[in-house]
Novice: 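One structure is given below, represented as structure tokens, and several questions about it will come after.
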Amino acid sequence: MADPAALSAEARTRALARMAEGELDVLVVGGGVVGAGAALDAATRGLRVGLVEARDWASGTSSRSSKLIHGGLRYLEMLDFRLVAEALKERGLLLRSLAPHLVRPVPFLYPLQHRLWERPYVGAGVLMYDTMAAASGTSSGLPHHRHLLKRHALNEAPALRSDALVGAIQYWDAQVDDARHTMFLTRTAVAYGALAANRARVSRFLRQGERVVGAVVTDLETGDERPVRAKQVINATGVWTDDTQALAGTRGQFHVRASKGVHLLVPRDRINSRTGLILRTEKSVLFVIPWGRHWIIGTTDTDWTLDKAHPALSSQDVTYLLDHVNSVLATPLAPEDVEGVYAGLRPLLSGEAAETSKLSREHLVAHPVPGLVVVAGGKYTTYRVMAKDAVDEAVRGLDEKVPESTTHRVPLLGADGYPALWNSRHRLAEGSGLHVARIEHLLNRYGSLLHQLLDMVAADPSLGEPLPSSDDYLRVEAVYAVTHEGARHLEDVLARRTRISIESWDRGVDAARTVAELMAPHLGWDQAHQDREVDHYTKRVAAEREAQEQPDDRTADAVRLGAPDIIPVY
């Protein structure tokens with residue numbers, strides 16, 4: 001029997017057709033974490049919901065974050081206690097019940113560099129952080145922070161220079177693969193009845209007088225246009241909020257400013273540490289985050305006014321991050337140690353602050369014209385609250401009585417039974433013929449949906465083999481990405497369903513041909529189409545590498561745009 005939550009090509013076609021039939025209660029525009037969260041929130045209230053995304057699920061900001069689920073320790077210093085408390089409550093929900101298969105604890109070491117005053121100052125903040133988490137009512141069982149003497153800190157992180165610290169404080173937060181989490185939100189919304197389609201762009205809004213009554217949606221895979229009528233439309237397009245608002249003839253009641261955040265990946269063996277690091281910079285903080293067999297180093301926080309779809313990373317960005325992390329490392333990192341890079345844009349609410357690092361991470365919801373709700377700002381961790389607030393506002397415009405949000409107790413697909421399956425991973429390995437490390441990898445990416453992939457491998461054992469030059473990922477994952485996770489193009493698989501584009505030295509070029517061949521029969525690609533996909537991806541990687549060598553944002557952006565988005569042949 002077909003999986004009703006599968007984001008297959010056939011399901012996408014049906015969803016677009018059904019959206020154009022009758023009238024939706026809510027049409028959500030934008031397939032990032034907030035849009036997907038809004039679709040799930042509305043669907044679990046019993047509403048008829050459509051969700052459209054112009055590119056791929058999480059292809060913007062929601063696949064390019066620091067991959068942290070955290071309260072934002074530095075916001076305590078800004079006295080933003082409400083935001084921190086809200087985020088810590090959400091962190092606990094995600095770890096404990098909503099997505100335990102996708103969100104997991106991660107330790108961080110804060111090196112202390114000043115005697116006398118710094119330990120009590122930072123210690124008080126971290127104590128408040130842990131206390132607020134415990135008081136949230138969603139205690140996630142994370143270890144309590146601890147104070148370390150210098151020798152104990154160096155035992156945790158031998159990579160640190162001895163003269164770079166006088167002691168340390170270690171605390172725990174959580175991390176997530178943001179793109180997979182957003183895709184799981186979409187699939188869960190579909191499981192509760194939402195209609196979802198990526199590569200489907202809103203070209204204009206439908207109006208009756210002043211009221212927005214839907215949108216014209218263009219299927220970018222075929223060129224077909226169709227009107228989608230809805231009682232309420234939610235604009236959840238992040239850094240594209242102002243552009244989407246312009247389609248409705250209104251700029252909204254607030255504006256969104258883009259801030260670029262850059263991240264580097266280096267191999268795990270380049271930094272000898274059992275814990276992540278958090279370092280204070282002149283503007284913000286810098287994280288060194290454990291990520292499988294890699295470290296993620298980030299992030300920057302700079303104003304960005306260029307191409308929103310492909311924010312480019314320059315040599316200046318690389319130098320900034322390496323200089324800051326090298327200031328505390330005994331063995332400095334070199335540019336040659338960088339195996340992958342990515343840059344994302346934070347949607348910040350525009351204000352009076354001259355620097356983006358001082359702009360608000362809080363969100364706002366508005367109803368600028370009847371029938372159109374806009375939600376913007378916020379941070380990844382609080383996506384569920386943002387989505388709830390947006391749907392609450394939309395519901396006020398509906399005639400019928402609608403139930404309250406239930407997403408605080410709706411686990412994502414794959415969460416149910418995950419702890420028991422983790423405890424049974426050795427037995428699962430014996431039954432499947434896969435190494436237990438492979439089972440752990442699959443459990444932490446698919447949770448209890450693991451059985452769907454194991455069934456595919458049982459039917460075709462060749463799918464249990466790893467992808468070329470990307471040993472962490474199996475061939476079955478490329479196929480499953482198309483049949484169940486909505487992947488439409490090669491880049492979708494290599495950059496978001498997997499993280500091959502940033503985790504392998506060749507950035508996925510060696511795996512590209514094999515992945516295209518695995519995708520082809522499920523998307524009806526002939527050899528020419530496969531060649532186009534591989535050629536496009538290869539040019540994307542080349543452009544990103546060349547952009548990395550450029551001295552500043554403007555020249556890097558110009559080079560990156562030399563490899564445009566793939567354009568389907570209708």
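Since the model is a prediction, treat every value here as computed from it, not as a measurement.
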Novice: Between Asp173 and Arg91, is there a salt bridge with N-O shorter than 4.0 Å?
Specialist: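 Between Asp173 and Arg91 there is a salt bridge, with a charged N closer than 4.0 Å to a carboxylate O.
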Novice: Scan side-chain atoms only and decide if Tyr418 and Asn444 contain a donor-acceptor pair under the 3.5 Å cut-off.
Specialist: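 A pair is found: one side chain offers a donor N or O, the other an acceptor, under 3.5 Å apart.
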Novice: Can a donor-acceptor pair be found between the side chains of Asp535 and Thr538 at a distance below 3.5 Å?
Specialist: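 Distance-only check fails for Asp535 and Thr538.
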Novice: In terms of side-chain heavy atoms, does Glu503 have a donor or acceptor partner in Trp291 at a distance below 3.5 Å?
Specialist: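 Note: Glu503 and Trp291 side chains meet the donor-acceptor criterion.
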Novice: Using a 4.5 Å cut-off on heavy atoms from C-beta on, say whether the side chain of Asn235 contacts that of Thr241.
Specialist: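 They are in contact (side-chain heavy atoms under 4.5 Å apart), so the answer is yes.
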Novice: Contact between Lys231 and Val26 at the side-chain level, heavy atoms closer than 4.5 Å - yes or no?
Specialist: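 Side chain of Lys231 against side chain of Val26, heavy atoms only: no contact under 4.5 Å found.
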Novice: Got a salt bridge between Arg488 and Glu221, using NZ or NE/NH1/NH2 to carboxylate O under 4.0 Å?
Specialist: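 Looking at Arg488 and Glu221, the cut-off is met.
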Novice: Looking at Ile502, is its backbone amide N or carbonyl O close enough to the side chain of Arg499 to form a donor-acceptor pair, meaning the two atoms are under 3.5 Å apart?
Specialist: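 No, Arg499 side chain to Ile502 backbone: no donor-acceptor pair under 3.5 Å.
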Novice: Please check if the side chain of Glu53 supplies one atom and the backbone of Gly31 the other of a donor-acceptor pair under 3.5 Å.
Specialist: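 Looks like yes, one N/O pair under 3.5 Å.
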Novice: Using modelled atom types only, decide if a donor and an acceptor are shared between the side chain of Thr483 and the backbone of Ser8 within a distance under 3.5 Å.
Specialist: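 Between the backbone of Ser8 and the side chain of Thr483 there is no qualifying donor-acceptor contact (under 3.5 Å).
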Novice: Quick one: does Thr61's side chain have a donor or acceptor within less than 3.5 Å of a partner on Arg346's backbone?
Specialist: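 Not at all, since once roles are kept as given, no pair shorter than 3.5 Å links the two residues.
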Novice: Taking the side chain as C-beta and beyond, is there a heavy-atom pair between Trp304 and Asp553 under 4.5 Å?
Specialist: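 Yes; the side chains approach each other to less than 4.5 Å.
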Novice: Are Gln452 and Tyr480 close enough that a side-chain donor and a side-chain acceptor fall under 3.5 Å?
Specialist: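 Present: a donor and an acceptor within the cut-off.
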Novice: Sort out for me which residue in Asp303, Thr302, Asp301, Thr300 forms a side-chain hydrogen bond (donor to acceptor under 3.5 Å, both in side chains) with Ser259.
Specialist: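 The side-chain hydrogen bond (donor to acceptor under 3.5 Å, both in side chains) with Ser259 is passed solely by Asp301 among Asp303, Thr302, Asp301, Thr300.
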Novice: Is the count of non-hydrogen atoms from other residues, nucleotides or ligands lying under 6.0 Å from Arg96 atom CZ greater than 12?
Specialist: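 Count over threshold, so yes.
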Novice: Answer yes or no: are there more than 12 heavy-atom neighbours, outside Arg104 itself, under 6.0 Å from its atom CZ?
Specialist: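 Check passes, neighbour count above 12.
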Novice: Do other residues, nucleotides or ligands put more than 12 heavy atoms under 6.0 Å from Arg201 CZ?
Specialist: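 Count not over threshold, so no.
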Novice: Hey, could you give me the CG/CZ distance between Leu7 and Arg187, rounded to the nearest 0.5 Å?
Specialist: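 CZ of Arg187 is found 6.0 Å from CG of Leu7.
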Novice: Indicate yes or no: at least one non-hydrogen side-chain atom of Pro311 is less than 4.5 angstrom from one of Leu306.
Specialist: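 The answer is no; the side chains never approach within 4.5 Å.
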Novice: More than 12 heavy atoms of other residues, nucleotides or ligands under 6.0 Å from CD of Glu210: yes or no?
Specialist: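 Open: at most 12 neighbouring heavy atoms sit under 6.0 Å from CD of Glu210.
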Novice: Does either side chain, that of Asp526 or that of Gln530, offer a donor lying less than 3.5 Å from an acceptor on the other one?
Specialist: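 Short answer, no.
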Novice: Do Thr382 side-chain atoms and Gly378 backbone N/O form a donor-acceptor pair below 3.5 Å?
Specialist: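 No.
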Novice: Could you tell me if Lys67 sits above the aromatic ring of Tyr342, with its cationic atom closer than 6.0 Å to the ring centre and no more than 45 degrees from the axis?
Specialist: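 Output yes; distance and angle both within limits.
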Novice: In terms of side-chain heavy atoms, does His536 have a donor or acceptor partner in Asp565 at a distance below 3.5 Å?
Specialist: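 No donor-acceptor contact under 3.5 Å links the two side chains.
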Novice: Evaluate whether atom CG of Asp392 has more than 12 neighbouring non-hydrogen atoms of other residues, nucleotides or ligands under 6.0 angstrom away.
Specialist: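 Correct, the count exceeds 12.
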Novice: For Ser62 and Asp178, what are the C-alpha separation, side-chain angles and deciding distance, and is it a side-chain hydrogen bond (donor to acceptor under 3.5 Å, both in side chains)?
Specialist: CA-CA 6 Å; Ser62 296; Asp178 46 10; over 6 Å; no
Novice: Whether the side chain of Arg45 engages the backbone of Leu40 through a donor-acceptor N/O pair (distance < 3.5 Å, no angle test) should be reported.
Specialist: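 Checked: no pair found.
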Novice: If you draw a 6.0 Å radius around CD in Glu400, do more than 12 non-hydrogen atoms from other residues or ligands fall strictly inside?
Specialist: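 More than 12 heavy atoms, drawn from other residues, nucleotides or ligands, come within 6.0 Å of this atom.
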Novice: Taking side chain as C-beta onward, heavy atoms only, is Leu523 less than 4.5 Å from His529?
Specialist: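 Not touching, per the 4.5 Å side-chain cut-off.
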Novice: Hey, is the main chain of Arg199 close enough, under 3.5 Å, to the side chain of Arg12 for a donor-acceptor pair?
Specialist: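 Yes, the answer is positive, given that a donor and an acceptor are paired below the 3.5 Å cut-off.
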Novice: Would you please indicate if the ring centroids of Tyr446 and His451 are separated by under 6.0 Å?
Specialist: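 Judged by ring-centre distance (under 6.0 Å), Tyr446 and His451 do not meet the cut-off.
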Novice: Does any N or O in the side chain of Lys308 come within less than 3.5 Å of the main-chain N or O of Gly60, such that one atom is a donor and the other an acceptor?
Specialist: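 Looks like no, no N/O pair under 3.5 Å.
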Novice: Look at the rings of His181 and Tyr380 and say which category their plane angle falls in: under 30° parallel, 30 to 60° tilted, over 60° perpendicular.
Specialist: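 The rings of His181 and Tyr380 sit tilted, inter-plane angle from 30° to 60°.
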Novice: Does a side-chain N-to-carboxylate-O contact under 4.0 Å join Arg540 and Glu544?
Specialist: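 Salt bridge flag = yes for Glu544 with Arg540.
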Novice: Would Phe184 and His101 count as a ring pair (Phe, Tyr, Trp, His ring centres under 6.0 Å) if you check the C-alpha gap in whole Å, the side-chain angles of each, and the deciding distance to 0.1 Å?
Specialist: CA-CA 11 Å; Phe184 263 94; His101 55 314; 5.4 Å; yes
Novice: How about Ser405 and Asp41: does a side-chain donor come under 3.5 Å of a side-chain acceptor?
Specialist: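 Present: a donor and an acceptor within the cut-off.
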Novice: Do Asp389 and His363 have side-chain atoms, one donor and one acceptor, less than 3.5 Å apart?
Specialist: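 On atom types as modelled, these side chains qualify, holding a pair under 3.5 Å.
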Novice: Donor-acceptor pair, distance only, cut-off 3.5 Å: does the side chain of Glu533 make one with the backbone of Ala516?
Specialist: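 Looks like no, no N/O pair under 3.5 Å.
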Novice: Any salt bridge linking Lys89 with Glu86? Criterion: basic side-chain nitrogen under 4.0 Å from a carboxylate oxygen.
Specialist: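 No, this pair does not count.
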Novice: Would Thr381 and His70 count as having a side-chain donor-acceptor pair, cut-off 3.5 Å?
Specialist: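 No - no donor-acceptor pair under 3.5 Å links their side chains.
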Novice: For the residue pair Arg384 / Thr407, report whether a side-chain donor-acceptor contact shorter than 3.5 Å exists.
Specialist: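 Looking only at side-chain atoms, Arg384 and Thr407 do form a donor-acceptor pair, the distance falling under 3.5 Å.
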Novice: Check this for me, if you would: do Arg496 and Asp492 make a salt bridge, where the nitrogen-to-carboxylate-oxygen distance has to be below 4.0 angstrom?
Specialist: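 Judged by the 4.0 Å cut-off on N to carboxylate O distance, Arg496 and Asp492 do form a salt bridge.
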Novice: Between the side chain of Arg257 and the main-chain N/O of Leu349, is any donor-acceptor distance below 3.5 Å?
Specialist: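 Such a contact is absent between Arg257 side chain and Leu349 backbone.
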Novice: Could you check whether any side-chain heavy atom of Val49 comes within less than 4.5 Å of a side-chain heavy atom of Leu195, counting everything from C-beta outward?
Specialist: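 They are not in side-chain contact.
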Novice: Quick one: do the Thr244 and Thr237 side chains pair a donor with an acceptor below 3.5 Å?
Specialist: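 Yes, side-chain donor-acceptor contact under 3.5 Å.
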Novice: Are more than 12 heavy atoms from other residues, nucleotides or ligands located less than 6.0 Å from atom CD of Glu21?
Specialist: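 Yes.
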Novice: Do Gln232 and Asp25 meet the criterion of a side-chain donor-acceptor pair at a distance under 3.5 Å?
Specialist: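 Judged by distance alone, the side chains do not pair up.
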